[in-house]
Structure formats: C-alpha cells, structure tokens
Amino acid sequence: MVKHQNEADVCVIGAGISGLVTAKCLKEKGFKVVILEQTELIGGLWCYRDHGYGVMRFTHINVSKHNYSFSDFPFPEDVPDFPHNRDMAQYINDYVVNFGLDKLIHFNTKVDRVERSGDGWKIAATKTEKGGSHLSVSEEIIYHTKYVAIATGHHAEPKRPYFPGQNTFKGQIIHSVDYKDAISNGFTGKRVLIVGIGNSAVDAAVDCATTGRCKQVVISTRSGAWVIPNYIFGLPTDHYASRLFLWLPWKVSNFIFEKFVSIITGSPEKWKLNPKMKILQTQPTVSPTLIHHIQRGNIQIKPNITKIDGSTVHFTDGTSIDTDCIVYCTGYSISLPFLDEDIKRDILDNETNQITLYKNVFSPRVGSSLAFIGFVQPASGGILTMSETQAMWFTQLCRQKVKLPSPKQMQKAIKKENEDNEGRYYKSARHTIQKDPILYNDEIASLIGSKPQLWRHPTMAIRLLLSSCGAAQWRLQGPFQWSGASETVRNTPIANLYKFSSTCILLLILYVIYKLVTLFC
C-alpha cells in the first residue's frame with residue numbers, strides 16, 4: 001500500500017557531498033528539489049559512525065582544503081590545510097544550513113526502485129530505522145519527478161577477497177569499512193595484517209603501529225605503491241597539480257614527478273613498496289608517516305598472499321608471518337541495487353566495475369534526465385570539485401540551456417575515453433573511472449561556459465596556469481559565476497618551485513632574444 005505520493009522537479013538520491021552540491025546547484029536555479037537519504041545524517045562517508053559506513057575515527061582528508069571544498073563556500077581560515085573528519089562534518093553541516101538544503105532532505109528514506117514513468121521518473125522508497133540499515137514496518141512512499149540525480153557514490157559495496165585456506169584462520173577478519181581505530185576494534189598489542197596499500201590501508205597501518213601499539217604490523221600488497229608526502233617544499237602536494245604541469249605529455253610529467261618524490265622520500269624499492277606502475281598511472285597513496293614507520297621497523301611491507309594456514313599467512317616471496325587480525329583494505333565496487341535492471345545492465349559491468357556513461361555522468365540511451373553524480377575517481381585532488389562541476393552541467397541540461405550530443409556521438413566518445421584510460425592508467429578495477437580533476441573539470445565546465453579563460457582574466461592568467469587555483473575557479477565566469485570567486489582563487493598559493501622555474505624560463509627566453517637582437521643588429 002502506498003502511504004503518500006510526492007511531486008518534485010528533481011530527486012537527488014544521497015545526502016553525501018555529491019548529492020548536497022547537486023541539490024544546491026539545482027535550488028540555486030529555481031528547481032523544486034527533494035533529497036532522499038537512507039540514514040539520519042548528512043555528509044556520507046565524512047560522517048563518522050561507530051558502526052558501519054564512514055571514515056575512521058582519526059581520518060583527515062588527504063587533499064588540501066583549497067582543492068576539496070565547495071566552490072562558493074570556502075573553509076574557515078583557522079581550519080588546518082588537511083582537515084580532520086570532525087572539521088569536514090562541521091563544514092558540510094554549515095554549508096547545508098547556509099544554503100537551506102536541510103529543508104530539502106527526507107532522512108531515513110531508503111530508495112527501493114528507480115524506474116521510468118511516462119516522460120519522467122518514479123522513485124519508490126520506504127522509511128528506515130536509525131543508521132539506515134534496518135527497515136521498519138513501513139508503507140511505500142512514491143516520488144514522481146522529471147529528473148533524477150543518483151549521488152550514492154562509487155564506494156558502495158566492500159570488496160572482500162578470498163585466499164586459499166582463509167576458512168582455517170581463527171582470528172578476526174574485517175573490511176576497512178568496519179575499522180574505526182585500533183582500540184575500538186580490539187587490536188591493541190596484537191599482530192595485524194593489512195591487505196592493500198591505498199590511503200585507508202596506510203592510515204589503518206599507522207594507527208595500529210602508534211595508537212594500537214601493536215606487536216607487529218604488516219602491509220600486504222600485490223601491486224605495490226608510490227607513497228607521496230602531504231607537503232612538498234612547504235606546500236600541500238595537490239597544489240602542484242596545475243594546468244601547465246598537466247598539459248605536458250603524461251610521460252614527461254610522470255618522469256618529473258617520480259624524480260621529485262624519489263629525491264624527497266627515496267626510491268620506493270628501497271622501502272619494498274615495489275610499485276608495478278608509474279606514479280601517474282594510479283592514484284598515489286598519500287602519507288606523511290608511512291615511510292617513517294617502515295624505516296623504524298614499526299611497519300613491514302610484504303607482497304601478495306598465496307595462502308592462509310591457521311594463524312600463518314604465506315606470501316609470494318616465500319616468506320610467512322603469524323598474525324592475529326586481518327584487515328581487508330581492498331576497496332569497493334559500484335552498486336546500484338535500486339536502478340531499473342535494463343538501465344543498470346546498460347550502464348554497469350559488475351565484473352570489471354566499468355561504467356558506460358558519457359563523461360562519467362549520462363547514459364547515451366537514457367539521456368539527460370538521469371545523472372550519475374560523483375561516479376568518478378580523482379587522479380589527484382578530491383572528488384568534490386568534480387561532483388560540483390557535474391552538478392552544474394546537469395542543472396544547465398535540466399534548464400535546457402545546453403544539450404547532450406546524439407547517442408551515437410556519446411558512445412563514440414565513451415569508447416575513445418576508455419581507450420585513453422587503458423593507455424594511461426594501470427589496469428585495475430579502481431582505475432576504470434579515473435580522471436585528472438583540473439582537466440576533467442575544465443572539459444565539463446567548457447560545455448556550459450564556466451571554464452576559466454585566460455584572455456578574460458588577464459590579471460590571473462599566470463595563477464590559472466601555475467596554481468591549482470582551488471574550487472572557485474569554475475565560478476569565475478558562466479551561469480554559476482560567484483562574486484567571491486576571484487578573491488578565493490587568489491588565496492590559493494602558487495608553489496614557489498613554479499615561480500622559480502617560470503622566472504628562470506622567462507629570463508632564458510629574454511636572454512635568447514637579446515642574443516638574437518645583438519647578432520643581427
């Protein structure tokens with residue numbers, strides 16, 4: 001039985017950062033928006049929970065606040081460069097209240113089905129208990145909208161590997177989604193094996209080695225990793241992702257970046273990190289302390305697991321260890337359980353985690369009425385700016401100010417992007433949706449007139465070339481122009497290394513010109 005029905009222009013599924021920024025863009029342009037959130041909290045993974053999905057208790061963002069912020073709502077000055085998850089949760093809450101998004105959210109509302117209905121969409125939902133995981137006895141709620149934005153994220157379903165003999169292990173095995181800290185999880189003083197070497201894996205390993213005072217902490221990795229520090233020459237590392245650097249052929253920029261990281265931290269092989277890929281062929285692991293703990297023997301690095309025999313874990317290099325606990329930091333798969341099966345089959349390959357979406361947002365078959373916001377993995381920097389640029393594009397399509405290409409043209413573009421990705425990134429399920437944020441945002445912003453053009457901002461041209469510029473740069477012009485954008489962009493520092501390099505290049509050019517003039521005059 002249907003409890004009641006709701007009408008709106010747009011339904012946004014998920015009140016994480018991608019869903020919130022989508023609702024804000026739509027609301028800004030006059031749309032009636034409803035946000036459906038399965039839990040009682042906003043912020044998605046940035047909302048710490050004692051149980052279930054969310055950040056670890058100690059998590060800081062690993063992208064600086066300049067490049068991981070809402071474009072027209074900068075972080076307060078007193079917040080550190082890499083905010084703690086408490087700072088993030090407060091910041092997100094302040095954004096929601098400031099723009100009146102809290103009035104749009106239907107909490108504890110689990111979406112069960114999204115399907116076409118005439119020239120619009122029908123969304124069926126039920127109410128949930130606290131935490132969103134246990135359904136109460138509830139009648140169905142129906143929402144009818146013209147447009148739908150799915151912003152549930154690509155970190156949806158934890159991936160749990162199975163190794164031969166795993167069933168003989170009598171200790172504790174968990175996924176990182178359930179790891180909060182060494183004390184809460186009862187790991188204090190124990191021997192811990194971390195499987196994986198992404199950011200969550202490294203954070204958990206360091207926490208076990210410090211807060212947990214664990215007897216033994218081992219990281220097992222099958223592909224190895226490049227580990228980069230939070231700061232390079234006094235500035236957050238993500239500030240070095242500038243247009244000028246990213247416009248270089250990727251193999252050239254890769255060579256430069258690898259040399260800088262090796263100079264600062266030493267060769268990754270020295271610390272047994274043994275990456276199988278180039279540094280720009282993957283999303284680098286960011287940690288200011290991992291190598292420090294490897295140097296002191298607090299954390300060991302091992303290759304892939306071959307088998308588990310009781311409490312003993314064997315590795316491909318022939319070595320083995322005894323361990324009490326195993327934490328799988330092995331990532332997530334995309335999951336869209338509520339989406340109409342015909343549409344889902346057309347969009348998502350469950351085996352490869354590959355999505356068939358034009359610019360990672362729209363299905364060529366469905367068109368612009370259904371958007372997937374945040375289904376993209378940043379190669380550097382954070383996802384927030386990418387989600388916001390996608391949301392701006394979706395809003396302009398809803399306003400009918402711009403149009404999508406034909407389905408055939410979109411399919412062709414998807415094929416080309418997939419081929420480019422295969423040639424650039426290391427083959428892995430985590431890299432199927434990988435993009436460089438600045439280049440991707442420029443591409444999407446150019447479709448709606450929001451890409452910052454150097455000739456329109458001559459006093460900021462050098463900054464737009466040499467600085468990461470932060471989130472506000474895509475509000476310097478276009479339909480979402482913001483009066484505070486210029487000041488906010490100027491507050492994002494230019495790396496001194498770039499200043500020095502560009503000055504040297506300019507002096508060299510002037511010297512060559514001088515010599516040519518004196519030679520022929």
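Since this is a predicted model, take the numbers as computed values, not measurements. Computed from heavy atoms alone, side chains included, the values below leave out hydrogens, waters and symmetry copies.
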For the aromatic rings, using the six-membered ring if either is Trp, is the centroid distance between Phe169 and Phe163 under 6.0 Å?
no
Salt bridge Asp442-Arg243, side-chain N to carboxylate O under 4.0 Å:
yes
Could you check if a side-chain atom of Phe58 sits within less than 4.5 angstrom of a side-chain atom of Val206, using non-hydrogen atoms only?
no
Ring centres of Phe233 and His239 under 6.0 Å apart?
no
Would you mind checking if Arg424 and Asp436 are paired as a salt bridge, meaning a charged N to carboxylate O distance below 4.0 Å?
yes
Distance flag, aromatic centroids of Phe187 and Tyr179, threshold under 6.0 Å
yes
For His60, give me all partners under ring pair (Phe, Tyr, Trp, His ring centres under 6.0 Å), at least two apart in sequence or on another chain.
His84
Kindly indicate, with the supporting measurements, whether the criterion side-chain contact (heavy atoms from CB on, under 4.5 Å) is fulfilled by Phe375 and Ile334.
CA-CA 9 Å; Phe375 286 76; Ile334 298 169; 3.8 Å; yes
Strictly by modelled atom types, are Thr312 and Asp322 linked by a side-chain donor-acceptor pair under 3.5 Å?
yes
Which class fits the ring pair Phe70 and Tyr95: parallel under 30°, tilted 30 to 60°, perpendicular over 60°?
parallel
Answer whether the closest heavy-atom distance between the side chains of Thr237 and Phe257 falls below 4.5 Å.
yes
Check: Trp393 ring centroid to Phe362 ring centroid under 6.0 Å
yes
Taking Arg475 first and then Glu388, would you say they form a salt bridge - that is, a charged N and a carboxylate O separated by under 4.0 Å?
yes
Tell me every residue that passes salt bridge (Lys or Arg N to Asp or Glu O under 4.0 Å) with Arg345, counting only those two or more places apart in sequence or in another chain.
Asp342
Mind checking the CD1-CG spacing from Ile301 to Leu273? Nearest 0.5 Å is all I need.
5.5 Å
Less than 4.5 Å apart, side chain to side chain, heavy atoms only: is that true for Glu417 and Tyr358?
no
Would you call Met56 and Asp207 a side-chain contact if the rule is heavy atoms closer than 4.5 Å?
no
Using side-chain heavy atoms (C-beta onward) and a distance below 4.5 Å, is Lys251 in contact with Pro249?
no
About how many Å separate CD1 of Ile305 and CD of Gln166, when rounded to the nearest 0.5 Å?
8.0 Å
